[in-house]
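Report on the following structure.
Computed from a predicted structure; not experimentally measured.
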Amino acid sequence: MELFYFMVFGALGAVVAALELSKNSKDRINTSPAFNSFKNNYLVVYSLMMAGDWLQGPYVYYLYSTYGFGKGEIGQLFIAGFGSSMLFGTIVGSLADKQGRRRACVTYCITYILSCITKHSPQYKILMIGRVLGGIATSLLFSAFESWLVAEHNKRGFEQQWLSLTFSKAIFLGNGLVAILSGLFGNLLVDSLSLGPVAPFDAAACFLTIGMAIILSSWTENFGDSSENKDLLTQFRGAAVAIASDEKIALLGAIQSLFEGSMYTFVFLWTPALSPNDEEIPHGFIFATFMLASMLGSSLASRLMARSSPRVESYMQIVFVISSASLLLPIITNLLVPPSKEKGGSISFAGCLQLLGFCTFEACVGIFWPSIMKMRSQYIPEEARSTIMNFFRIPLNIFVCIVLYNVNAFPITVMFGMCSIFLFVASILQRRLMAISDKPKMENWTAMKERDPEAEPLND
């Protein structure tokens, strides 16, 4: 079965390479030298930030276990991370809009570096503080950087369509290539060089320090609504009103929470799904394969967003349906393929089928990230962008905490079924979002038709 892993990885690598090499003029966006310099600077910083994040992921659980903590205590540490992201996320988002996005990005670096330092201590309380700091940092990672990018892009007068190019490249590099290299580098530090499970956290702190130095030396500050000296509560209310009064923003938040909630649940479930009888599977290699599938998705997204048709709101309906179907595979294989009772050994036939389905899901994740960024740049008001984006993470973090707390209470097939339903609901909400976004265009075309019966329908 070892050959199967290499075949899947090789096939995905060949497809990604073919997609990138076969891009023609229709798949590329003509940009200016000034924009290219701006984009490359952001991509370097974003890649360093993601390297700092990806280096830690595979070794958090392992590090806690080497300190002698059991599954229950480790689960509490993970819940603390997601809980702090939920509790403090909106506050730090509001501070980013009020005090400056560049300053918030620097705060992310400092907070995450401090979180990495706490990993040197085997004391539970110190590790808990580190998880709280990590949760705050995660909120900043997924709001402050994107908010700074969108505001700075618009401030410099670059074309709106060019944003999609930066988004897709950021995901291709940060969530794909950098994730793969981080996994291999972490494996080198821990296994090959025998530096111990805390070594990846030290390396992460180094990358974050380099990224912070680039931010301090080359980024300018931008803010949200600076027209009034609003306090945090006023900003919080304004963001809540914006979500409640604009159905497009509310739908976007619901779609994001449903998809990301399913994605984070998948992160916890894929290992027991592929090795229900403690089969020996190469976790690091499978992780790298998933990241390669994500690169494939982001490469597809860059092609789709470079063209005027189909629109993001249109093709994302299909992406959500495919992702929903891919997470049904564990249920289908459990019903159709007799489960093996043999302990250990290599991956089963059912596991191979599920791995292909999971790679499909990861490709959908690769399409999702730049696409949701594109929609957020269109629909979320600039003055409260970070605040609203962290609002979206509240239901997500509640959902993940509930799943973590009850991870042993339900069969794994029930968990995957729940995620599949959530993703299907996301496709329905996406259809509604497209219908609402099309309304102004249809109204404009109707008005034109009344004035000129020969008028053609408006193109996207």
Side-chain angles (χ1 to χ4, degrees), residues 29 31 35 38-43 45-47 49-50 53 89 93 96-97 101 104-105 108 138-155 158-179 222 224 248-249 251-260 263 294-295 297-307 310-317 319-320 323 362-382 384-393 396 426 429-430 433-434 437:
I29 302 175
T31 58
F35 169 76
F38 168 74
K39 178 197 68 177
N40 292 336
N41 174 272
Y42 178 81
L43 291 177
V45 171
Y46 185 79
S47 296
M49 299 300 104
M50 294 308 298
D53 190 48
D97 288 328
R101 279 73 177 268
C105 294
Y108 159 80
T138 301
S139 295
L140 289 168
L141 175 62
F142 291 106
S143 59
F145 288 89
E146 183 181 329
S147 297
W148 180 88
L149 171 66
V150 174
E152 195 69 17
H153 181 100
N154 293 331
K155 186 169 75 174
F158 298 134
E159 291 188 23
Q160 188 68 21
Q161 189 189 16
W162 295 356
L163 257 179
S164 61
L165 179 62
T166 308
F167 288 148
S168 59
K169 287 294 183 183
I171 300 305
F172 183 85
L173 294 173
N175 289 35
L177 184 61
V178 169
N222 61 56
K248 292 192 291 294
I249 299 177
L251 284 169
L252 198 62
I255 290 167
Q256 178 178 323
S257 295
L258 288 168
F259 188 90
E260 290 192 40
M263 180 185 69
S294 180
M295 287 178 68
S298 63
S299 184
L300 286 172
S302 67
R303 284 186 172 226
L304 291 168
M305 292 192 294
R307 306 185 181 198
R311 290 171 54 207
V312 175
E313 292 84 354
S314 176
Y315 70 72
M316 282 308 296
Q317 299 175 56
V319 171
F320 289 137
S323 61
E362 284 290 346
C364 292
V365 172
I367 299 174
F368 168 80
W369 282 117
S371 301
I372 198 74
M373 289 174 176
K374 175 70 172 175
M375 289 189 286
R376 285 196 299 239
S377 71
Q378 293 173 338
Y379 298 130
I380 298 179
E382 177 59 37
R385 185 176 299 278
S386 296
T387 310
I388 292 174
M389 286 171 63
N390 277 306
F391 247 116
F392 292 168
R393 297 186 65 80
L396 159 67
L429 297 181
Q430 184 68 48
L433 178 61
M434 181 176 178
S437 64

Would Arg101 and Glu146 count as a side chain to side chain contact (heavy atoms under 4.5 Å, CB included) here? Give the steps. CA-CA 9 Å; Arg101 279 73 177 268; Glu146 183 181 329; over 6 Å; no
Exercise for review: Could you give me the CA-CA distance, side-chain angles and deciding distance for Phe145 and Tyr108, then say whether ring-ring contact (aromatic ring centres under 6.0 Å, His included) is met?
Suggested key: CA-CA 10 Å; Phe145 288 89; Tyr108 159 80; 5.5 Å; yes
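- Applying the salt bridge (charged side-chain N to carboxylate O under 4.0 Å, His left out) criterion to Lys39, with sequence neighbours excluded, gives no partner residue.
- Closest approach of Ser377 to Val150, counting heavy atoms only: CB-CG2, 4.2 Å.
- Of all the heavy atoms in Ile380 and Arg385, the pair that sits closest is O-NH2, 3.2 Å.
- For the residue pair Ser437/Arg311, the side-chain donor-acceptor check at 3.5 Å is satisfied.
- Under the 4.5 Å side-chain criterion, counting only non-hydrogen atoms from C-beta, Phe167 is in contact with Leu149.
- Remark: the backbone N or O of Thr387 is paired with a side-chain donor or acceptor of Asp97 at under 3.5 angstrom.
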* **side chain to side chain contact (heavy atoms under 4.5 Å, CB included) evaluation trace for Lys374 with Tyr379** => CA-CA 9 Å; Lys374 175 70 172 175; Tyr379 298 130; over 6 Å; no
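- Taking CD1 from Ile372 and CZ from Phe392, the interatomic distance works out to 8.0 Å, rounded to the nearest 0.5 Å.
- Heavy atoms only, all atoms of each residue included: Pro370 and Ile171 are closest at CD-CG1, 3.6 Å.
- By the side chain to side chain donor-acceptor pair (under 3.5 Å) test, Ser298 is found to be paired with no residue, residues two or more places apart in sequence or in another chain being considered.
- In terms of the salt bridge (charged side-chain N to carboxylate O under 4.0 Å, His left out) criterion, residue partners of Glu152 (sequence neighbours excluded) are, by chain and number, Lys155, Arg156.
- A search for ring-ring contact (aromatic ring centres under 6.0 Å, His included) contacts involving Trp148 returns Phe38, Trp219, not counting sequence neighbours.
- Judged as a side chain to side chain contact (heavy atoms under 4.5 Å, CB included), and not counting sequence neighbours, the contacts of Ala254 are Leu429.
- Partners of Ala104 by side chain to side chain contact (heavy atoms under 4.5 Å, CB included), not counting sequence neighbours, listed by chain and number: Ala96, Leu140, Ala144.
- Across all non-hydrogen atoms, the minimal contact from Met50 to Gly174 is CB-O, 3.6 Å.
- Expressed to the nearest 0.5 Å, how far CZ of Phe172 lies from OG of Ser302 amounts to 8.0 Å.
- Note: Leu163 CG to Arg376 CZ = 12.0 Å, rounded to the nearest 0.5 Å.
- One distance of note links CD1 of Ile249 with CE of Met389; it measures 12.5 Å at 0.5 Å rounding.
- Looking at every heavy atom in both residues, Val312 comes nearest to Gln430 through O-NE2, 4.4 Å.
- You'll find the ring centres of Phe35 and His153 inside the 6.0 Å limit.
- In terms of the salt bridge (charged side-chain N to carboxylate O under 4.0 Å, His left out) criterion, residue partners of Glu260 (sequence neighbours excluded) are, by chain and number, Arg393.
- Between Cys105 atom SG and Tyr46 atom OH the span is 11.5 Å, to the nearest 0.5 Å.
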request  = Go through the steps to decide whether Leu433 and Met375 satisfy the test side chain to side chain contact (heavy atoms under 4.5 Å, CB included), and finish with yes or no.
outcome  = CA-CA 10 Å; Leu433 178 61; Met375 289 189 286; 4.0 Å; yes
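- Between Ser168 atom OG and Met373 atom CE the span is 10.0 Å, to the nearest 0.5 Å.
- Residues that satisfy the side chain to side chain donor-acceptor pair (under 3.5 Å) test with Ser314, not counting sequence neighbours, are absent from this structure.
- The side chain to side chain donor-acceptor pair (under 3.5 Å) check on Tyr315 picks up Ser371, with sequence neighbours excluded.
- Checked against side chain to side chain contact (heavy atoms under 4.5 Å, CB included), Leu177 has the following partners two or more places apart in sequence or in another chain: Leu173, Leu181, Met295.
- Between Phe368 and Phe259, the ring-plane angle classifies as parallel under the 30° and 60° cut-offs.
- For Ser294, there are no side chain to side chain donor-acceptor pair (under 3.5 Å) partners two or more places apart in sequence or in a different chain.
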Next item on the list: Please step through side chain to side chain contact (heavy atoms under 4.5 Å, CB included) for the pair Ile367 and Met316, ending with a clear verdict.
Entry: CA-CA 8 Å; Ile367 299 174; Met316 282 308 296; 4.1 Å; yes
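- Looking at residues two or more places apart in sequence or on another chain, you find a side chain to side chain contact (heavy atoms under 4.5 Å, CB included) between Gln161 and Ile29, Ser164.
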